[in-house]
Amino acid sequence: MVVVSRRNRRWAGRAAVAALVTALAVSGCSAATSLAPSTGDNAAIGTTSDINPQDPATLQDGGNLRLALTDFPPNFNILHIDGNSAEVAAMMKATLPRAFVIGPDGSTTVDTNYFTSVELTGTNPQVVTYTINPKAVWSDGTPITWRDIASQIHALSGVDKNFAIAGPSGADRVASVTRGVDDRQAIMTFAKPYAEWRGMFAGNGMLLPESVTSTPEAFNKGQLEGPGPSAGPFIVSSLDRTTQRIMLTRNPKWWGDRPRLSTITFLVLDDAARLPALQNNTIDAAGVGTLDQLTIAQRTKGISIRRAPAPSWSHFTFNGAAGSILADKALRVAVSKGIDRQTIAKVVQYGLTGHPVPLNNHIYVAGQEGYQDNSATVPYDPTAAKRELDALGWKLNGQFREKDGRRLVIRDLFYDGQGSRVFAQVAQHSLAQIGVKLDLVARSGSGFFSNYINVGAFDMAQFGWLGDAFPLSALTQIYQSDGASNFGKIGSPEIDAAIERTLEELDPGKARALANDLDKLIWAEGFSLPLTQSPGDVAVRSTLANFGAPGLADLNYTAIGFMRT
């Protein structure tokens, strides 16, 4: 899973590890008539992909796809805690190997560009055999071999704490990776079963070369200024920090289908500049997060709205670390009961979807197999919230509550954007009704995670997660007591044990049932509050094909291109 700030930074699906990402669409309030796309009420995760599908052979040969970035990546290593963001992952998907191609329904098909087969070849112990395409090479000419897989598994395993990983993505459950029949085959043997083994190098997960994962120094610092060797249809060819541009060009060593595009250019742009940049033909796609933006985009000549609900969602994460005002589980739960998530959904998604509702699961998104509403564990109940706060000794003194001379003030940290502020203001009003003061702390996108979230500089924080077809892959990263992306430092032995039971269950149906049992424990712990799932609206240049709102599906970077006019 990827971390999402309150910005529309990417349009692809998320990584199997919890990466720091920014892809949720957010919205504000407007008196205008709803202009939600006609597909809005019927579109659903697992059924929809809206990308203007065209036969690549009919598209222009060449062209430059221009997309927006929030900032230059602090680290181009998508496996590193600072590089595991949606924006970096979206960019690097065009350049790095993955084991499976994900369809709109979440189905998995071996990506034969990189692997001739990926098979579960044993269950006791669990064994997965990766057979690598003999044509597959890194951009420096080095063959892709079993050593690349073995090196990455070691780096992510947690055995050496000097690797600053975003999460293990199952690597911590692997006993060994050995050479198979030749260097082009890897035999992965598990010490403990892993339900989400297909997502280890798929979805938001990718394979990196041994040269950048072999040592902590290479892993942590080797890609600070730019990416290492890659192996996709595109390579990063230029980085210009002066003009704030990153350019990808066709990989001359690519052995697969020839890409239709010649280049993909990423420009650093603030949120407010993105829709105007789309209108004046500076970029070719922009996430739509408000009704006003949707209205403007729909009225702009040459722009189409593409929509497929995305596996991304916003939430409030609580800080339960020692010394935090919300270190008390009972207080977190009481505060949670005072936040009206349905009103938040109605306000922020007004006009973007016909039926705004909050997301009611921490693990699955609505429409995904396994999703069920577990929110009754911690319902919106301001009367109960007041009663529980009283019992905890937080008594009203004027408008707000106090205990032992300390006022009940919670700092809400959020990215300083229109949509994020609306989330915060609705929550602020809701909590004031139960005597809780919410201080709004807005920060810029640059360094948002590294300077604030990663170091726990918040009581409550707004950001998002970008998921993919492998929802169980991020459980240890986010919800385990010592998870690398457990930013609030909240957990329990019961949650840790439930994570283990879920991950070791190889039967998909049983694993989904166990995951929902786990979700109820996460609710009861006051870990975080899911808010809204992204409706997935993207404004795209009408002539752009095989790109837009893919839902759960992967984009095919060799097929993206511009229609002939």
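Residue numbers run from 1 in the order of the sequence given.
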When you check the gap from the basic side-chain N to the acidic O, do [X] and [Y] get nearer than 4.0 Å?
X: Asp381; Y: Lys337; value: no
X: Arg501; Y: Asp517; value: no
X: Arg173; Y: Glu500; value: yes
X: Asp50; Y: Arg306; value: no
X: Arg443; Y: Asp416; value: no
X: Arg512; Y: Glu369; value: yes
X: Asp537; Y: Arg307; value: yes

- Message: Quick one, Thr290 with Asp292, criterion side-chain hydrogen bond (donor to acceptor under 3.5 Å, both in side chains). Give me CA distance, side-chain angles, the key distance, then yes/no.
- Response: CA-CA 5 Å; Thr290 70; Asp292 289 341; 5.2 Å; no
Work out which heavy atom in [X] is nearest to a heavy atom in [Y]; give both atom names and the distance.
X: Leu392; Y: Lys403; value: O-NZ, 2.9 Å
X: Gln480; Y: Ile499; value: N-CD1, 3.6 Å
X: Pro104; Y: Leu552; value: O-CB, 3.8 Å
X: Leu544; Y: Val540; value: CD2-CG1, 3.7 Å
X: Gln462; Y: Phe423; value: NE2-CB, 3.3 Å
X: Arg332; Y: Ala327; value: NH1-O, 3.2 Å

Regarding [X] and [Y], do their side chains bring together a donor and an acceptor under 3.5 Å, going by distance alone?
X: Asp340; Y: Gln342; value: no
X: Asn397; Y: Arg407; value: no
X: Ser481; Y: Asp496; value: yes
X: Glu87; Y: Thr70; value: yes
X: Thr300; Y: Gln279; value: yes
X: His315; Y: Thr317; value: yes

Supply the atom-to-atom distance [X] [atom1] to [Y] [atom2], rounded to the nearest 0.5 angstrom.
X: Gln477; Y: Asn486; atom1: CD; atom2: CG; result: 10.0 Å
X: Ile363; Y: Leu475; atom1: CD1; atom2: CG; result: 5.0 Å
X: Leu65; Y: Ile283; atom1: CG; atom2: CD1; result: 10.0 Å
X: Asn52; Y: Ser542; atom1: CG; atom2: OG; result: 8.5 Å
X: Ser314; Y: Phe316; atom1: OG; atom2: CZ; result: 8.0 Å
X: Lys510; Y: Thr502; atom1: NZ; atom2: OG1; result: 13.5 Å

Any non-hydrogen side-chain atom of [X] less than 4.5 Å from a side-chain atom of [Y]?
X: Asp390; Y: Lys395; result: yes
X: Tyr371; Y: Asn516; result: no
X: Leu359; Y: Thr532; result: no
X: Phe414; Y: Asp412; result: yes
X: Met206; Y: Met92; result: yes
X: Ser169; Y: Glu196; result: no
X: Ile165; Y: Ile81; result: no
X: Leu472; Y: Leu503; result: yes

- Worked verdict on Leu408 versus Phe400 for side chain to side chain contact (heavy atoms under 4.5 Å, CB included): CA-CA 7 Å; Leu408 185 49; Phe400 298 110; over 6 Å; no
For the backbone of [Y] and the side chain of [X], can you confirm whether one donor and one acceptor N or O come within less than 3.5 Å of each other?
X: Asp439; Y: Arg411; result: no
X: Gln533; Y: Val365; result: no
X: Ser324; Y: Asn319; result: yes
X: Ser534; Y: Pro309; result: no
X: Asp284; Y: Arg541; result: no
X: Gln293; Y: Leu275; result: no
X: Asp519; Y: His362; result: yes
X: Ser420; Y: Tyr415; result: yes
X: Asp270; Y: Ala272; result: no
X: Arg341; Y: Pro358; result: no

- Query: Who pairs with Arg387 by side chain to side chain contact (heavy atoms under 4.5 Å, CB included), at least two apart in sequence or on another chain?
  - Reply: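 Once residues adjacent in sequence are excluded, the partners of Arg387 under the side chain to side chain contact (heavy atoms under 4.5 Å, CB included) criterion are Thr383, Ala384.
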- With sequence neighbours excluded, tell me which residues meet ring pair (Phe, Tyr, Trp, His ring centres under 6.0 Å) with Trp394. none
- Query: Can you list the residues that meet the ring pair (Phe, Tyr, Trp, His ring centres under 6.0 Å) rule with Phe527, with sequence neighbours excluded?
  - Reply: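 Testing Phe527 for ring pair (Phe, Tyr, Trp, His ring centres under 6.0 Å), a comparison that skips the adjacent residues, returns Tyr479.
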- Item | Centroid-centroid distance, Phe448 to Phe463, less than 6.0 Å |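 No, the ring centres sit 6.0 Å or more apart.
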Could you give the side-chain donor-acceptor pairs of residues 487-494 under 3.5 Å, partners two or more places apart or in another chain?
{"residue": "Ser492", "atom": "OG", "partner": "Glu494", "partner atom": "N", "Å": "3.4"}
{"residue": "Ser492", "atom": "OG", "partner": "Glu494", "partner atom": "OE1", "Å": "3.4"}
{"residue": "Ser492", "atom": "OG", "partner": "Ile495", "partner atom": "N", "Å": "3.0"}

- I would like to know whether Ser336 and Phe318 meet side chain to side chain contact (heavy atoms under 4.5 Å, CB included); could you show each step before the answer? CA-CA 10 Å; Ser336 297; Phe318 299 115; 3.3 Å; yes
- Of all residues at least two apart in sequence or in a different chain, which pass the salt bridge (Lys or Arg N to Asp or Glu O under 4.0 Å) check with Glu505? none
- Task: Go through the steps for Val538 and Ile305 under the test side chain to side chain contact (heavy atoms under 4.5 Å, CB included), then give the verdict.
- Result: CA-CA 6 Å; Val538 185; Ile305 300 298; over 6 Å; no
- Query: What pairs of residues pass the ring-ring contact (aromatic ring centres under 6.0 Å, His included) test when at least one of them lies in residues 498-522, not counting sequence neighbours?
  - Reply: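 Residue pairs with at least one partner in residues 498-522: there are none.
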- Message: Determine whether Asn546 and Asn556 satisfy the following criterion, side chain to side chain contact (heavy atoms under 4.5 Å, CB included), listing intermediate values before the conclusion.
- Response: CA-CA 8 Å; Asn546 301 318; Asn556 179 352; over 6 Å; no
